[in-house]
Amino acid sequence: GINAEYGVPSRNMDSLKSMWNKTTEMAGSAADATSRAAKRKKLEAEIAYNEREIRLLKEKFGVDVYGAIVSQDENTVKAVLAETKPQIDELLAKIAEKREAHATLQSEEAKE
């Protein structure tokens, strides 16, 4: 039969619709892959930033604690550790969370 709206044989119209659906599906898949890659890069940058923050906290800890160790001031060492350790633990937890999200994005890509 003829498609009344476009004056095109129905068989050809179905074929065009099918091609259009496949094209939009492929474009959607490409956009999803690009989005996942961008999210992965963002996570990688955030992980690197958090790792840098940990390094800076450890450096500051060393500077703050050095004098206390030399003078055998155990209370200052404990106080600095009590202040620094929770900050580092929080950053380590964020890194673990971001690495998990990164792995999830990679496994989604591997399925395609």
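Both backbone and side-chain heavy atoms feed into the values below; hydrogens, waters and symmetry mates do not. One-based numbering along the sequence shown.
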Full working for side chain to side chain contact (heavy atoms under 4.5 Å, CB included) between Ile88 and Lys85: CA-CA 5 Å; Ile88 290 175; Lys85 188 176 182 319; 5.8 Å; no
Cluster overlap Ile95 with Leu57, hydrophobic side-chain contacts below 4.5 Å: yes
Thr84 (side chain) donor-acceptor with Leu81 (main chain) under 3.5 angstrom: no
Cluster check Leu92, Ile47: I/L/V/M/F/W/Y, side chain < 4.5 angstrom: yes
Qualifying residues under side-chain contact (heavy atoms from CB on, under 4.5 Å), relative to Glu83, sequence neighbours excluded: Gln87
Nonpolar side-chain network containing Val70, other nodes, edges under 4.5 Å: Tyr66
Salt bridge Lys60-Glu53, side-chain N to carboxylate O under 4.0 Å: no
Greater than 12 external heavy atoms within 6.0 Å of Glu44's CD: yes
Passing option when Glu46 is tested against Lys94, Arg52, Lys39, Lys98 for salt bridge (charged side-chain N to carboxylate O under 4.0 Å, His left out): Lys98
From CG (Asn50) to CG (Leu91), nearest 0.5 Å: 5.0 Å
For Lys58, side-chain hydrogen bond (donor to acceptor under 3.5 Å, both in side chains) partners two or more places apart: none
Salt bridge (charged side-chain N to carboxylate O under 4.0 Å, His left out) involving Arg55 - partner list, sequence neighbours excluded: Glu59
Partner residues of Gln106 under the side-chain hydrogen bond (donor to acceptor under 3.5 Å, both in side chains) criterion, sequence neighbours left out: none
His102 side, atom NE2; Ser107 side, atom OG - distance, nearest 0.5 Å: 11.0 Å
Heavy-atom side-chain contact between Val80 and Thr76 under 4.5 Å: yes
Test salt bridge (charged side-chain N to carboxylate O under 4.0 Å, His left out) applied to Asp73 - qualifying residues, sequence neighbours left out: none
